[in-house]
Every structure is written in C-alpha cells, then in structure tokens.
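Here's the structure, in structure tokens; my notes come after.
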Number of protein chains: 2
Amino acid sequence: MSTPADDRTPAAERAYAIVKQQILTGRLPGGALLSEAQVGAEIGVSRTPVHEAFLRLAAERLLTLETRRGAVVVPLAADETRDVLEAREAIEASAARRVCDDARAAQVAATLAPSVATMREHVATGDVEAFVAADDAFHAAVVHAAGNALLSSFYALLGDRQSRLRHQLLRVRAYQLAGAADDHAALADALAHGDPERYARVLHEHVARYRGAL
Amino acid sequence: MSTPADDRTPAAERAYAIVKQQILTGRLPGGALLSEAQVGAEIGVSRTPVHEAFLRLAAERLLTLETRRGAVVVPLAADETRDVLEAREAIEASAARRVCDDARAAQVAATLAPSVATMREHVATGDVEAFVAADDAFHAAVVHAAGNALLSSFYALLGDRQSRLRHQLLRVRAYQLAGAADDHAALADALAHGDPERYARVLHEHVARYRGAL
DNA sequence: GTCCGACGTCTTGCATGCAAGGTCGCGTCC
DNA sequence: GGACGCGACCTTGCATGCAAGACGTCGGAC
C-alpha cells in the first residue's frame, strides 16, 4: 500500500506501521527477537516511539514483550488459521443477522452487488491481488453495516492476522477465484432476501473452502 | 478485587490496573480528561509508565489519546449495551457450536454443573456480587473451552466493558437472579445434549432478558 | 459592547541518561 | 573433557529534559 513514511506523521506511528507491515508480510518471521534500539536505528527514531509501537503490537498479539530481553514476534500458532476463520465467521454471521433484523438487508445487498461484479472482472483478468482486496472489502462491508463498533474493530484485527496467514501460507490459484466470486454472489443474494440463516450457511461453506486452500 | 499495588510489580502495570479500574467502576466518568503528569503524581510514578498505561487503555478503546491535549475517557456510547451483548452472544454461540462439533460438549457441561449449583446458592443468600462473578465465570468457561485464543481474549475485553456498564447502569434485583440461574442450567443442559442450536436460542433469550434489565 | 490577537500555561512527542537484570561466553577448577 | 562461576555486553524500565503545539485568558482596538 502507501508508504507511511511522511515526515510529518508521528514517529511512533511510523514505527508501528513499519514493524506491523514487516510482521504481516512475513519479512519478520515468527520467533524473531527485536530490540527497540535496533529497530529505532533502522527507521531513524529513538527507542521511545519504537517502544510505543511494540506496546501497540503487543496489544494486538503480534508481539510478546519479554522484560529485559526484547520483543519476540508471535509465531503462527498451529491452529491460527482455524481460529481466525472461525472468529470471522462468527462475527460476520452475527452481523448479517443484525442487518436482516434491522430490515436493511436489501439495501446493504444493493451496495454489495457492484462489489461482486468487480470481483468477477478480477477473475477474468486473473488479478489475484485485486480480487483478494475486493474480497476483504466485501466481508468488511457486511460487518461494518451492522454498526457494531466493537465487532468492526475486532474484525479488522482478524483481517490483519488473515493477511499474515496469506503471506505465509497461501498461494491462491486463479481457478479458485471463480468459485469464490460465486460464493460472494450467493452471500449478497441471501442478504437481498433478508435470510440470515442462509447467509450463515453459505458463509460456513465459503470459509470451509477457503480453509481447505491452506 | 485485589489491590495490585505490590511495590515489585512494574510501575506501568500498576498505572494500567489503577486507571482501568477507575474507568470500569465509573470513578472516572466518560469524557473525563486525564493528563499523564497528574495521574503519575497521584500514584507516585513518572509520566512514562502512565503514558504506557494510556496506550494500552487506548488499544482497548477505553481511552482516546488526543495529541497534546490529554487522554479522554471514552464515553459510554448510546448503543454500547447492545453492541457488547451482541458481540458476546455471537462469540459464545460460536464457541458452543465448536465445543459440540468437537464432541466435548458433555464433558464441558459436566464442569459447568457445579457452577450452576453455586449460582443457586448465591441466589438463596441474595449475594448479587458473587452471583455476577459466577455468571461471568460460566460464560467465560464456555468460550474458553472452545480453545480459540483470539475469541477468548476478545471476550475478556467485552467482559471489561460489560463490567463498566454494570457499574454505570445496572442495579441488579435479587428476584432476577433466580431466572438467570435457570437460564444457565438450560445452557448447560443444551451443551450436555450437544445441541448448539438450542444453546444459541437459550443464549439469545438470556441475553435479551439481561438487556431488558438495563 | 464586541471582536481579534498575543501571551502564558498546560499538554504531549520524543530523545536521552541511568540503573537493574538477563544472556552468553570464557576461563578455571575438578 | 566437562561443569560451574564470573564478567562483559545487551536488553528494557523508568525518570527527566526540551521543544512544539493547543487552549484559554486578558488586553486592546474599533
């Protein structure tokens, strides 16, 4: 994405963004031991803002702070994939139910339709990167539509972890994309009919398929 | 709870625990403006550990940090109650489903039975505080049993927020407790039969009732 | 009376200094 | 040769200093 190296953005913010990016992309592998001074020297700030960044990343469970030893990048747990997908499914299904309860399902589904069309285009051109981005946006939009700030922010954290998983484990094959696009169309359709149960069912299969891809 | 004022516990930890406690109990009301120096002086540490505490609390969305102004205690949102309960329900229902899928439902239900018995005792003695603690422990145990670290930690955050809501809004009436105890028995029973749908249904009503109590 | 500007005070952002404690390697003893 | 102990290095925890920026207040101009 954009380089967050603006000179006027706070140093702590820069440090946070940089280190997080490196963890999510796998450039910093699980188990790596980081020291504040070392990271600070690399990005040209003192220990203090790096310390802040480490604290934030520890709160997101991407780092564990070991006193007087350093910060270690949390290794991918064996069941990380399952945990993340399970959590996403639980939250998104709940969001869909809520959207339907509020009778805003059709409206939300309408905003989702163009998103599905975009995905199909990316399938056609084989642009995996763009497809994944559209995929994420689709699900995030449903969650966001539920209007629960707590769930939304937790969902964002899950998105980070999933992105890390993708970078570490996944080579998406283009031929899988078509099926995924169909899934999303089915999800939007369930929403259009205000049927949260069907949404949950399709979502469950969708997630299961994705999980199989790892 | 216990006073975490051990002299050997890190200053940052102490600051975090103290400020968090004050927010959750409502002693620091929403909208209150805190300064690092002031809080530091009160608990006898310098600005640095207080700054750390503020960062952690901001990550938990209990504080918002306004640059060069101070830290503001996040006010209770109008839909905070709904958001928290909705999130808890989504997570716990998912956990129950998982426990049943893993065929550990009966086993988990067995560990829950004494908990329900304890609750009934607290109902008899009218010990609201103890009942609430047992109530929390019951739900947390179900979530924990699912073995999803992400959901567990998020659930813990929700517990904090709910505790804050309780302190701010709720006067639990003793006569409500009996019904709540029955709810928990029904939840344990659904689990004992490995029926996640029934669990979800009972939970939904349980939560709705609780929400009505606000 | 009202509006506008400057100043003083308060706030945090960040750098740095110092000390406590952990780790690893080397030398010595058995 | 192996194990134990000591020391040097490296790490963070925390205090503090300095500067930049936000807010409120007070005074003056109109």
Side-chain angles (χ1 to χ4, degrees), chain A residues 3-23 27-75, chain B residues 3-23 27-75:
Chain A
T3 327
D6 264 341
D7 248 17
R8 43 188 320 147
T9 64
E13 199 68 31
R14 255 182 303 155
Y16 169 77
I18 290 174
V19 175
K20 181 167 181 173
Q21 187 73 359
Q22 295 194 345
I23 294 175
R27 195 164 164 287
L28 281 173
L33 185 63
L34 277 56
S35 96
E36 296 171 358
Q38 164 202 329
V39 172
E42 270 177 35
I43 68 183
V45 300
S46 87
R47 282 173 42 213
T48 309
V50 178
H51 185 66
E52 278 198 27
F54 281 12
L55 278 171
R56 289 176 62 184
L57 292 166
E60 294 181 19
R61 282 183 149 58
L62 291 174
L63 240 43
T64 60
L65 269 27
E66 310 205 348
T67 139
R68 243 142 246 171
R69 279 209 49 221
V72 346
V73 178
V74 171
Chain B
T3 326
D6 264 342
D7 248 17
R8 42 189 320 148
T9 63
E13 199 68 32
R14 254 182 304 155
Y16 169 76
I18 290 174
V19 176
K20 180 167 182 173
Q21 186 74 0
Q22 296 193 346
I23 295 175
R27 193 163 165 288
L28 282 174
L33 185 64
L34 277 55
S35 97
E36 296 171 358
Q38 164 201 331
V39 172
E42 270 176 35
I43 69 184
V45 299
S46 88
R47 283 174 41 214
T48 309
V50 178
H51 186 66
E52 278 198 28
F54 282 11
L55 278 171
R56 289 176 61 184
L57 292 166
E60 295 181 19
R61 281 178 150 52
L62 291 174
L63 240 43
T64 60
L65 270 28
E66 311 206 349
T67 138
R68 243 140 247 172
R69 280 210 46 223
V72 178
V73 178
V74 170

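Below, chains carry the letters A, B, ... as their sequence lines are ordered, and counting in each starts from 1.
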Pairwise N/O distances under 3.5 Å, protein to nucleotides 14-18 of chain D:
| unit_1 | atom_1 | unit_2 | atom_2 | d |
| --- | --- | --- | --- | --- |
| D:dC14 | OP1 | B:A11 | N | 2.4 |
| D:dC14 | OP2 | B:A12 | N | 3.4 |
| D:dA15 | OP1 | B:S46 | N | 3.3 |
| D:dA15 | OP2 | B:S46 | N | 2.8 |
| D:dA15 | OP2 | B:S46 | OG | 2.4 |
| D:dA15 | O5' | B:S46 | OG | 3.2 |
| D:dA15 | N7 | B:T48 | OG1 | 2.8 |
| D:dT16 | O4 | B:T48 | OG1 | 3.4 |

List for me each residue that meets side chain to side chain contact (heavy atoms under 4.5 Å, CB included) alongside A:V74, sequence neighbours excluded, and say none if there are none.
-> A:T64
Residues two or more places apart in sequence or in another chain: which of them pass side chain to side chain contact (heavy atoms under 4.5 Å, CB included) with B:T67?
-> none
Side chain to side chain donor-acceptor pair (under 3.5 Å) partners of B:R27, counting only residues at least two apart = B:Q22
Partner set under side chain to side chain contact (heavy atoms under 4.5 Å, CB included) for B:A11, not counting sequence neighbours = B:R14, B:V45, B:P49
Who pairs with A:R68 by side chain to side chain donor-acceptor pair (under 3.5 Å), at least two apart in sequence or on another chain?
-> none
Near-strand residues of residues 64-71 of chain A, defined as heavy-atom separation under 4.0 angstrom from DNA chain D = A:R68, A:R69, A:G70
What parts of residues 34-42 of chain B reach DNA chain C, counting only heavy atoms under 4.0 Å away?
-> B:L34, B:S35, B:E36
What pairs of residues pass the salt bridge (Lys or Arg N to Asp or Glu O under 4.0 Å) test when at least one of them lies in residues 41-52 of chain A, not counting sequence neighbours?
-> A:E36-A:R47
Note the angle between the end axes of the helix from C:dG1-D:dC30 to C:dC30-D:dG1, five pairs defining each, rounded to 10 degrees.
-> 0°
Which residues share a side chain to side chain contact (heavy atoms under 4.5 Å, CB included) with A:S35, sequence neighbours left out | A:A37, A:Q38
Set of salt bridge (Lys or Arg N to Asp or Glu O under 4.0 Å) partners for B:R61, sequence neighbours left out | none
